[in-house]
Amino acid sequence: MNTQSNALPKSPIASREIAPAAFSFARLMYWSVRRELEEYRFIYLAPLVVAAIALFSFTLSIIAGIWEQSLRLDPRHHLKSPFDMAAGLLMLTGILVSVFYCLDALHGERRDRSILFWKSLPVSDLTTVLSKASIPLVIFPLLTFAISLAMQWMMLLVGSAVLLVSGQSIARLWTNLSAFQMPLLLLYHLLTAHALWPAPVYCWLLLVSGWARRAPFLWAVLPLVVISGIENLAFHTWHFASLVGSRFIGNTSTITSTPDVFPTDPMTHITPGHFLATPGLWIGLAVAAAFLAAAVRLRRYQGPI
Amino acid sequence: MTVIEARGLRKTFGTTVALDGIDLRVEEGRILGLIGPNGAGKTTALNAILGLIPYQGELRVLGRDPWTERDRLMRDVCFIADVAVLPRWIKVSQLLDYVAGIHPRFDRAKAEGFLAKTTIRRASKVRELSKGMVTQLHLALVMAIDARLLVLDEPTLGLDILYRKQFYDSLLNDYFDRSRTIVVTTHQVEEIQNVLTDVMFIDRGRIVLTCSMEEFESRYLEVMVNPVQVSAARALKPMHERQALGRSILLFDLKLNHADRQQLAALGDVRTPGIADLFVAVMSNQAGPAQGVAQ
């Protein structure tokens with residue numbers, strides 16, 4: 001060893017490839033996502049518990065005959081079938097879980113210093129951030145889809161069994177199949193209203209969780225409140241607040257032609273062309289991509305807190 | 001082959017200068033000990049080498065720029081940071097699966113073999129393990145990775161002496177060979193004196209001494225002087241003097257002093273000084289008082 005060397009000679013190893021063939025991006029993504037699911041087990045446990053509770057209450061209610069009245073109603077006028085309610089409950093769970101996941105995803109690893117371990121492995125910051133972003137944007141909608149479908153089929157089977165045993169017609173149950181019973185519509189709704197449309201919100205939360213030293217929730221919400229407040233004081237308008245709100249609640253009118261109503265024949269109402277042509281969608285995705293790029297860059301500089 | 005090569009490496013945090021333009025060159029097959037008081041810049045230097053912080057100056061690790069190529073560099077570099085940083089929620093089996101999943105140079109069977117020598121169970125979570133066991137686990141992972149450079153930043157901090165001894169024994173017996181390079185910082189200097197091939201003292205962001213252990217042994221000499229010969233010994237201008245058990249212990253730099261080994265041996269018992277003692281001597285000869293003592 002020799003310090004204070006006068007010149008930095010050309011390193012003989014610079015030209016040589018030292019590492020063997022690296023693992024593919026897909027493989028690194030798979031293991032990174034899997035790691036997230038192992039760390040944040042509530043991602044799949046929460047919807048499973050909610051689905052189990054929904055199934056249990058449905059079974060109780062159908063035994064008690066609570067749905068009797070509503071099942072007899074014309075589904076055209078009846079908006080919320082038990083299936084829709086259960087699916088809606090799962091979606092609400094999904095939003096809550098995604099928000100809490102995003103706020104912790106890049107914060108927890110710095111808080112418990114494990115970022116030093118993750119950074120000691122050959123996984124880039126880009127892969128890490130993308131794998132974390134994929135949880136609310138890809139994994140969760142697909143997970144909710146699978147659990148919703150399974151839950152609804154179980155509800156249908158349990159409901160039919162109860163009705164058969166009690167000697168009633170099961171036709172009412174089956175004619176009540178509603179919008180969310182249609183897997184394609186459910187998937188479309190989850191991917192559009194719960195992933196693509198609110199993408200900037202989730203990416204913003206990820207960015208804040210990678211930036212804030214503490215209280216990421218506060219830092220995520222505070223700027224939005226302040227901007228809305230200033231706008232209201234200056235112009236007496238609520239444009240920013242309604243913009244953020246529409247991202248969160250979802251702008252259903254651009255996703256399906258009849259907002260908030262899921263009619264019996266939903267396939268005719270899916271309007272992907274209309275949705276994809278919405279400038280808001282692309283602006284939102286661009287903003288989301290910018291937030292993610294910032295989060296990737298930020299993680300390079302971040303160490304334990 | 002040069003593993004680490006730095007020139008004018010500099011890092012500031014606000015107005016604090018953590019690294020004041022150091023030059024550094026570490027060849028393959030060396031075990032370098034980076035010794036210095038707290039806040040001397042050891043961890044900053046290691047963080048720069050590992051691509052964890054941006055820096056000024058030139059730095060090449062295995063021919064790569066660590067800051068821009070961290071993920072590629074980490075195929076060939078392993079590190080254990082100062083305290084246990086393994087995620088506490090993870091199960092041992094999940095950890096093995098994960099590292100096997102993402103690290104092209106990880107040999108799972110080897111890691112299992114190291115773990116078999118410990119009492120660590122696959123089903124345990126890291127949070128259920130004692131600190132010593134977490135370090136064993138981390139070491140098992142790292143030793144199963146066929147890396148070229150291993151960076152250890154206070155790897156045995158807070159461990160009892162049995163774990164500490166075992167840690168370095170495993171490292172030397174089961175891991176180290178001439179194609180690997182290890183850089184280690186520790187405050188338990190005397191424990192690694194026989195492990196190191198090179199030593200480097202760093203203080204206030206500057207390198208104050210660097211030498212190989214062969215040079216260390218031939219260059220520095222400690223004399224426990226016979227009481228009657230103390231003034232004669234002092235006349236030879238030792239670089240440092242301390243008292244122990246009522247006797248004076250004088251430390252000589254044979255390169256600077258004109259005294260030779262035989263001359264000093266006549267004055268009392270001579271021996272190679274401990275790194276810690278030399279460190280204290282070097283630090284007290286610096287312009288100001290050292291902020292702490294490596295011990």
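Here is how names work: the chains are called A, B, and so on, in the same order as the sequence lines, proteins then strands, and each is numbered from 1.
Legend: residues meeting ring pair (Phe, Tyr, Trp, His ring centres under 6.0 Å) with B/F201, ordered by chain and number and at least two apart, are B/F279.
Using a 4.5 Å cut-off on side-chain heavy atoms (C-beta onward), A/W118 and B/V85 make no contact. For the pair A/F117 and B/V99, the minimum side-chain heavy-atom distance is below 4.5 Å. Using a 4.5 Å cut-off on side-chain heavy atoms (C-beta onward), B/C78 and A/S120 make no contact. Side-chain contact between A/R300 and B/W67 is present, with at least one heavy-atom pair separated by less than 4.5 Å.
Counting non-hydrogen atoms of neighbouring residues, nucleotides and ligands closer than 6.0 angstrom, the CZ atom of A/F217 reaches no more than 12 such neighbours.
At a 4.5 Å heavy-atom cutoff, A/R111 makes no contact with chain B through either its backbone or its side chain. In this structure, chain B has a heavy atom under 4.5 Å from the side chain of A/R34, while its backbone stays farther away.
The closest donor-acceptor contact from the side chain of B/R70 to the backbone of A/V123 lies under 3.5 Å. Judged purely by atom type and a 3.5 angstrom limit, A/R27 uses its side chain to pair as donor or acceptor with the backbone of B/G101.
Proximity to chain A among residues 135-145 of chain B is limited to B/H138, B/L141, judged by heavy-atom separations below 4.5 angstrom.
A salt bridge is defined here as a Lys NZ or Arg NE, NH1 or NH2 lying under 4.0 Å from an Asp or Glu carboxylate O, and B/D71 with A/K119 fails to meet this definition.
Contact detail for B/W89 and A/R35: the closest heavy-atom pair is CH2-O, 3.6 Å.
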